[in-house]
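To find a chain, count down the sequence lines: A is the first, B the second, and so on, and within it residues start at 1.
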Protein chains: 2
Amino acid sequence: MCGIARREENEMTLDGLSRAERQAQTRERLIDVARQQFLKHGYAATSLDKVAIEAGFSKGAVYSNFAGKEELCMAVLDEIHAEQTEAVVDAFSGPGSLEDKFKAFSTWAQTGLGNPRWTALEVEFAAVARHSPYVANALTERHRAIASAIADLIRTVTEREGVTLKQGPEDTAVVLLSMGIGLGALRSLDSQLDVTVFADAMRALL
Amino acid sequence: MCGIARREENEMTLDGLSRAERQAQTRERLIDVARQQFLKHGYAATSLDKVAIEAGFSKGAVYSNFAGKEELCMAVLDEIHAEQTEAVVDAFSGPGSLEDKFKAFSTWAQTGLGNPRWTALEVEFAAVARHSPYVANALTERHRAIASAIADLIRTVTEREGVTLKQGPEDTAVVLLSMGIGLGALRSLDSQLDVTVFADAMRALL
DNA sequence: GTCTATAAATCGATAGAC
DNA sequence: GTCTATCGATTTATAGAC
């Protein structure tokens with residue numbers, strides 16, 4: 001019934017944040033650091049202890065906010081997926097010719113779909129799915145959603161531009177996604193690989 | 001200077017194998033079992049102990065024949081690469097129309113290039129390359145050789161059939177390889193994915 | 001909710017006997 | 001060359017204090 005109790009009633013702490021906000025902040029900070037480390041060193045080589053320390057917390061904070069390593073990585077991937085999806089939709093939404101769109105898409109592919117770090121994490125994490133039903137279901141779900149979003153985008157653009165595809169939008173989406181993932185995997189090994197082949201191949205497919 | 005010594009002089013043991021042959025047999029058996037386990041459970045989830053026991057040896061035998069886990073996995077991948085290369089060259093070497101070739105290639109792609117197990121191992125192992133210079137160099141070398149072999153094949157076939165490509169043979173090879181790896185990675189998660197999109201995309205690219 | 005301390009298990013790699 | 005025994009280093013995950 002003193003100051004502390006009142007702050008709790010108001011759900012505010014000294015720095016003007018509610019407890020929920022404070023925890024959300026902790027969670028976001030952990031995801032940020034985890035994202036850096038997962039992308040830099042890969043899934044297996046990243047330890048929860050180092051993530052927590054680097055974020056300014058201890059391992060206990062990780063387990064207070066995530067069920068475990070797998071769930072933390074899924075949170076990281078969800079964040080990346082959201083950014084990627086938004087970026088590619090933006091690239092194709094604006095005005096301009098189809099050729100402009102290809103250029104924009106190509107630019108995005110450099111740091112997005114063909115990104116060695118991201119695709120490498122994605123496929124390494126897919127290996128975890130073999131002994132973890134949770135990861136298997138979660139990843140399948142996410143990848144289908146991504147393929148579906150790409151297919152929608154392809155449908156919209158082709159209809160607007162009056163282009164006919166050699167394959168259906170869904171199949172084309174799967175092919176593009178495959179190519180991006182594979183190219184990223186190859187680039188994670190061989191950084192000399194040129195990404196422009198990707199944009200060229202895409203023109204050929206449309 | 002008795003029976004045993006004579007056998008050693010003849011470099012033969014009781015079962016008619018020289019010591020070199022016997023060791024080669026041990027090595028092959030280890031690679032076979034390692035191949036099964038790496039493909040089934042992935043690189044990280046496979047322990048050298050289980051590989052050795054399953055092969056009828058103990059862990060010491062592994063270290064007598066391989067420098068460590070990485071070298072064992074490279075030996076496995078080299079074996080797979082050799083088989084894959086032979087298979088795809090065979091598919092395109094025989095007589096028949098270009099359409100027959102596509103059918104043969106498509107069939108091979110189902111168990112070969114788009115094979116979920118193999119590509120999953122390949123990309124998971126690529127993650128190891130980030131902290132192992134040995135793996136990084138070895139994998140880069142192998143992948144360049146594979147891309148080069150595919151490019152040669154494309155060159156041969158297109159010249160013979162009088163087809164002109166939209167991209168050069170080398171670029172087309174990289175795209176096909178990327179697509180196969182990515183498709184395999186996706187299929188390792190989502191077994192419902194259809195591989196025929198791969199053959200269709202290939203037609204579009206040629 | 002976060003921290004400290006610790007449990008618990010795994011696995012790669014090595015040393016020495018045979 | 002192979003086996004047995006063990007080291008050593010990690011790391012995930014949990015229990016209890018605050």
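- When the P atom of C:dG12 is taken as reference, atom OH of B:Y134 falls 16 Å away, rounded to whole Å.
- When heavy atoms are screened at a 4.0 angstrom cut-off, A:Y63 is found touching base atoms of the nucleic acid.
- For the atom pair CD1 of A:I154 and CD of A:E159, the computed distance is 12.0 Å after rounding to the nearest 0.5 Å.
- Bracketed by its first and final contacts, the part of DNA chain D lying under 4.0 Å from non-hydrogen atoms of chain A reaches from D:dT11 to D:dT14 in 5' to 3' order.
- Partner of B:F38 under the ring-ring contact (aromatic ring centres under 6.0 Å, His included) criterion, out of B:F125, B:W118, B:Y43: B:Y43 alone.
- Closest-nucleotide positions on DNA chain D for B:G56 and A:G68 were compared, and the one nearer the 5' end corresponds to B:G56.
- Comment: A:D100 does not engage A:K103 in a salt bridge, judged by the lack of any side-chain N to carboxylate O separation of less than 4.0 angstrom.
- When all heavy atoms are compared, the tightest approach of A:R144 to B:D190 is NE-OD2, 2.7 Å.
- A heavy-atom distance below 4.0 Å to DNA chain D is reached by these residues of residues 38-52 of chain A, ordered by number: A:T46, A:S47, A:L48.
- A donor-acceptor contact under 3.5 angstrom links the side chains of B:S132 and B:E70, judged on distance only.
- Taking the side chain as every heavy atom from C-beta outward, A:V157 and A:K101 never approach each other to under 4.5 Å.
- Side-chain polar atoms of B:D49 and B:S47 form no donor-acceptor pair below 3.5 angstrom.
- With 3.5 Å as the limit, one finds a donor-acceptor pair spanning the side chains of B:E122 and B:H81.
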